[in-house]
Student: 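One structure is given below, represented as structure tokens, and several questions about it will come after.
Read the numbers this way: they start at 1 and go in the same order the structure lists the ligands and their atoms.
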Amino acid sequence: MALLDIIVAPDPRLKRKAEAVTAVDSATKKLMADMLDTMYEAPGIGLAAPQVGVLKRVIVVDAARDEDPPRPLKMANPKILWASEEVKEYEEGCLSLPEEYDMVKRPERVRVRYLDENNAAQEIEADGLLAVVIQHEMDHLEGVLFVDHISSLKRNMILRRLTKQKKFGKRPAAAE
Ligand code: K1U
Ligand code: ZN
């Protein structure tokens, strides 16, 4: 197991488009396993390869509820085949935007085709939190962050806060 460093915004590496994998080989399979370990350790419910500095179209997701068994998904070259017209708003977070959250509207249901860790083509239909997280992670593959879906006023506030944190260190804990 290897834990990978998660890139924190603002960082130009989070704004680049990732490249398709030609096939899920042993290196991609190891990347998927390391990303999943990194995601659970963070802790998070999704992670995209560009967040760990790898510009490949690979994401991992586990949106199972705490009381349910883990349901990890490892996906290469995910493609949305269909998205519902109905949209739903959900409060999103991002491991690359620590402690920042905001409401984002996305299609409520999506059908997605991808290559699994064994290079086999799979299709799933997702709704609820799973649909939110898959779409959020797929945005990372295009260099898009959840703050790109909100007003420029809020986005700039969040990015300014994160820039300050990088310059001066992490926010102090609230006084007791
Ligand atoms: O950085 C990421 O892309 C991961 C992100 C995924 C996500 C969460 C919520 C809505 C959309 C996308 C996270 O995992 S942020 C952390 C988080 O939400 C969480 C952490 C532990 C338990 C439950 C949730
Ligand atoms: Zn994210």
Side-chain angles (χ1 to χ4, degrees), residues 2-18 28 31-80 83-84 86-112 114 124-151 154-163 165-166 170-171:
L3 294 180
L4 309 169
D5 287 335
I6 298 175
I7 297 170
V8 172
D11 190 304
R13 291 171 291 177
L14 294 172
K15 302 307 296 171
R16 294 177 58 190
K17 188 174 152 89
T28 308
L31 172 67
M32 288 168 155
D34 290 346
M35 283 173 59
L36 205 61
D37 289 338
T38 303
M39 181 196 84
Y40 286 131
E41 175 75 16
I45 53 177
L47 192 67
Q51 293 179 275
V52 293
V54 179
L55 273 181
K56 285 188 182 167
R57 299 186 80 80
V58 173
I59 65 172
V60 295
V61 173
D62 189 342
R65 288 178 303 193
D66 281 347
E67 59 272 29
D68 293 335
R71 193 165 171 258
L73 285 170
K74 300 170 180 174
M75 307 172 133
N77 300 344
K79 182 178 181 309
I80 294 184
S84 65
E86 300 81 37
V87 291
K88 201 163 182 186
E89 207 170 22
Y90 192 89
E91 187 177 55
E92 299 197 10
C94 181
L95 298 172
S96 295
L97 299 161
E99 295 169 46
E100 303 290 351
Y101 303 89
D102 212 333
M103 301 302 288
V104 176
K105 276 187 194 148
R106 301 186 186 271
E108 194 175 359
R109 300 172 71 87
V110 285
R111 184 157 194 85
V112 182
Y114 64 97
I124 53 161
E125 192 157 322
D127 61 6
L129 181 57
L130 181 59
V132 172
V133 183
I134 288 174
Q135 292 177 80
H136 173 116
E137 302 312 329
M138 287 183 65
D139 268 357
H140 277 298
L141 305 181
E142 300 299 320
V144 172
L145 301 174
F146 84 74
V147 289
D148 296 316
H149 293 284
I150 65 180
S151 73
K154 284 183 174 179
R155 177 169 57 249
N156 291 336
M157 268 175 47
I158 289 175
L159 293 175
R160 266 201 299 273
R161 263 200 301 266
L162 292 169
T163 304
Q165 279 173 40
K166 275 194 174 178
K170 213 180 134 32
R171 268 181 267 196

Student: Atom 20 (C) of ligand 1: which protein heavy atom is closest, and how many Å away?
Tutor: Pro43 O, 3.3 Å
Student: Donor-acceptor pair, distance only, cut-off 3.5 Å: does the side chain of Ser96 make one with the backbone of Ala9?
Tutor: no
Student: Quick check: does any side chain N or O of Ser84 sit under 3.5 Å from a backbone N or O of Glu108, one acting as donor and the other as acceptor?
Tutor: yes
Student: Which bit of Met39 is near ligand 1, meaning a heavy atom under 4.0 Å away: side chain, backbone, both or neither?
Tutor: neither
Student: Salt bridge check, Glu142 against Arg57: does any charged N sit closer than 4.0 Å to a carboxylate O?
Tutor: yes
Student: Starting from atom 1 (O) of ligand 1, which protein heavy atom do you reach first, and at what distance in Å?
Tutor: Leu95 N, 2.6 Å
Student: Does any N/O atom on His136 come nearer than 3.5 Å to any N/O atom on ligand 1?
Tutor: yes
Student: Quick one: does Asp148's side chain have a donor or acceptor within less than 3.5 Å of a partner on Leu145's backbone?
Tutor: yes
Student: Return the closest protein heavy atom for atom 9 (C) of ligand 1 as residue, atom name and distance.
Tutor: Gly93 N, 3.7 Å
Student: If the cut-off is 4.0 Å to any non-hydrogen atom of Glu92, which atoms of ligand 1 fall inside it?
Tutor: 10 (C), 11 (C)
Student: Give the atom numbers and elements of ligand 1 that come within less than 4.0 Å of a heavy atom of His140.
Tutor: 3 (O)
Student: Within a distance under 4.0 Å of any heavy atom of Gln51, pick out the atoms of ligand 1 and give their elements.
Tutor: 1 (O), 2 (C), 3 (O)
Student: Any idea which protein heavy atom is nearest atom 13 (C) of ligand 1, and the distance to it?
Tutor: Ile45 N, 3.9 Å
Student: May I ask whether Leu47 places a heavy atom under 4.0 Å from ligand 1?
Tutor: no
Student: Just verifying a value: how many Å separate Ile7 CD1 and Leu14 CG, rounded to the nearest 0.5 Å?
Tutor: 5.5 Å
Student: Kindly give the atom name of the N, O or S atom of His136 closest to the Zn ion (ligand 2).
Tutor: NE2
Student: To the nearest 0.5 Å, what is the distance between CZ (Arg109) and NZ (Lys88)?
Tutor: 11.0 Å
Student: Compare Pro98, Gly44, Cys94 and give the one whose heavy atom is closest to atom 15 (S) of ligand 1.
Tutor: Cys94
Student: If only atom types and distance count, is the side chain of Asn77 paired as donor or acceptor with the main-chain N or O of Tyr114 below 3.5 Å?
Tutor: no
Student: Mark up the atoms of ligand 1 that fall under 4.0 Å of a heavy atom belonging to Glu137, in ascending order.
Tutor: 2 (C), 3 (O), 4 (C), 6 (C)
Student: Note the single closest protein heavy atom to atom 4 (C) of ligand 1, along with its residue, its atom name and the distance in Å.
Tutor: Gly46 O, 3.0 Å
Student: Output the distance between atom CE (Met35) and atom NZ (Lys74), rounded to the nearest 0.5 Å.
Tutor: 10.5 Å
Student: Tell me, which N, O or S atom in His140 is closest to the Zn ion (ligand 2)?
Tutor: NE2
Student: Please name the pair of heavy atoms, one in Thr163 and one in Pro10, separated by the smallest distance, quoted to 0.1 Å.
Tutor: OG1-CG, 3.3 Å
Student: Using 4.0 Å as the upper bound for N to carboxylate O, is an ion pair formed by Arg161 and Glu99?
Tutor: no
